[in-house]
Amino acid sequence: MEKNKKLIVANWKMNPQTAEEALRLVKNIAGRAARGVELAIAPPFVYLDMVKKNCGREIKLAAQNVHWEERGAFTGEISAPMLKNIGCDYVIIGHSERRYKMGETGEMINLKIKSALRHGLVPILAVGEREKNGDIKKTLAEQLTGALEGVGASEIGRLVIAYEPVWAIGTGVSDTPDHALSAALLIRKIAGGIYGKELTENLPVLYGGSVSGKNTGEFIGQKGIDGALVGGASLEAENFEAVLASAVSGDAE
Ligand code: PEP
């Protein structure tokens with residue numbers, strides 16, 4: 001992640017339906033990386049190459065998933081060396097849609113993190129509680145310790161964490177900036193318990209969950225929140241432009 005910038009990641013999920021629409025979207029976004037903001041697009045695998053070729057140099061490329069093995073008999077999977085080779089910088093790992101809809105386990109997430117790091121990709125590790133009043137401390141501790149098992153102290157500085165309360169994803173009901181900030185502090189505290197405060201006090205933590213042009217600035221304007229993971233609002237150029245405008249207005253600190 002670039003120093004002194006807030007990271008905005010556009011997670012297109014399984015959208016759009018055609019390469020033409022994807023090309024239109026990327027052309028509308030290209031050139032919009034704003035001052036103080038690092039921008040990354042996470043399209044479906046089939047559009048990665050096209051997005052890379054059309055997004056301009058200042059926009060980074062992210063994958064939405066990765067397999068933990070490098071090659072071989074894993075029909076339907078994509079490996080970290082393949083993603084690196086096609087020009088990816090980041091890979092989202094452990095998104096709740098993969099955990100709860102695709103049955104991804106903590107062990108798989110851990111293997112994916114280690115493979116991404118081995119091959120020079122920056123993992124964006126998504127964590128978050130499922131229920132609004134769920135046990136956030138227990139959930140974050142379990143998800144983080146599981147995902148980071150065997151990840152060395154020299155590597156923790158290469159990770160980005162995304163705090164994504166599952167109840168806020170795709171619902172139009174976002175978290176409050178204060179609660180998201182306390183979750184970001186908790187994440188750094190849990191990581192600090194493993195690696196020590198010195199290595200984790202600046203661990204980048206993004207917020208994700210119904211981010212829009214109306215609220216992005218309120219989240220990322222806070223010193224302890226380093227950016228946003230944006231789903232629905234990244235699928236229309238106008239909405240995404242509003243997210244970026246809000247990000248710039250909130251990035252006052
Ligand atoms: C996401 O899927 O990571 C996400 C944050 O989605 P949305 O912005 O649509 O809530």
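What's counted below: heavy atoms across the whole structure, side chains too, no hydrogens, waters or symmetry copies. Note that this is a predicted model, so its numbers are computed, not measured. As the structure lists them, so they are numbered: ligands from 1, and atoms in each ligand from 1.
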Checklist entry - What atoms of ligand 1 come within less than 4.0 Å of a heavy atom belonging to Asn11? => result 2 (O), 3 (O)
Next on the checklist: For Arg188, give me all partners under side-chain hydrogen bond (donor to acceptor under 3.5 Å, both in side chains), at least two apart in sequence or on another chain.
Outcome noted: Asp226
Item to check | Lys/Arg N to Asp/Glu carboxylate O, Lys138 vs Glu142, below 4.0 Å | outcome: yes
Next on the checklist: I'd like to know if Arg98 pairs up with Glu104 as an ion pair, taking the criterion as any Lys NZ or Arg NE/NH1/NH2 lying under 4.0 Å from an Asp or Glu carboxylate oxygen.
Outcome noted: yes
Next on the checklist: Ignoring hydrogens, what is the shortest heavy-atom contact between Ile225 and Lys6? Give both atom names and the distance.
Outcome noted: O-NZ, 2.7 Å
Checklist entry - Can Glu129 and Trp167 be counted as having a side-chain donor-acceptor contact under 3.5 angstrom? => result yes
Checklist entry - What do you reckon, does Gly208 have a nitrogen or oxygen under 3.5 Å from a nitrogen or oxygen of ligand 1? => result no
Checklist outcome for this item: the protein heavy atom lying closest to atom 3 (O) of ligand 1 turns out to be Glu164 OE2, 2.7 Å
Item to check | For Gly209, the ligand 1 atoms whose distance to one of its heavy atoms is below 4.0 Å | outcome: 5 (C), 10 (O)
Next on the checklist: Using a 4.0 Å cut-off to any heavy atom of Gly170, which atoms of ligand 1 qualify?
Outcome noted: 7 (P), 9 (O), 10 (O)
Item to check | atom 1 (C) of ligand 1: the protein heavy-atom neighbour that sits closest, reported with distance to 0.1 Å | outcome: His95 NE2, 3.2 Å
Checklist outcome for this item: Numbered in order shown, the ligand 1 atoms found under 4.0 Å of a heavy atom of Ala168 are 10 (O)
Checklist entry - Quick one: does Gly231 get an N or O within less than 3.5 Å of an N or O on ligand 1? => result yes
Checklist entry - Taking C-beta and beyond as the side chain, do Val211 and Ile8 meet within less than 4.5 Å on heavy atoms? => result no
Checklist entry - Are Leu111 and Ile113 connected in the hydrophobic side-chain network, where two residues link if heavy atoms are under 4.5 Å apart? => result no
Show the atom names and distances, to 0.1 Å, of all donor-acceptor pairs under 3.5 Å that link a side chain in residues 149-156 to residues at least two apart or in another chain.
unit_1, atom_1, unit_2, atom_2, d
Glu155, OE1, Gly152, N, 3.2

Item to check | Close-contact set for ligand 1 against Gly232 heavy atoms, below 4.0 Å | outcome: 7 (P), 8 (O), 9 (O)
Checklist entry - Near Ile169, which atoms of ligand 1 are under 4.0 Å from a heavy atom of that residue? => result 1 (C), 2 (O), 4 (C), 6 (O), 10 (O)
Next on the checklist: I want to know if ligand 1 touches Ser210 in the polar sense, i.e. an N/O pair below 3.5 angstrom.
Outcome noted: yes
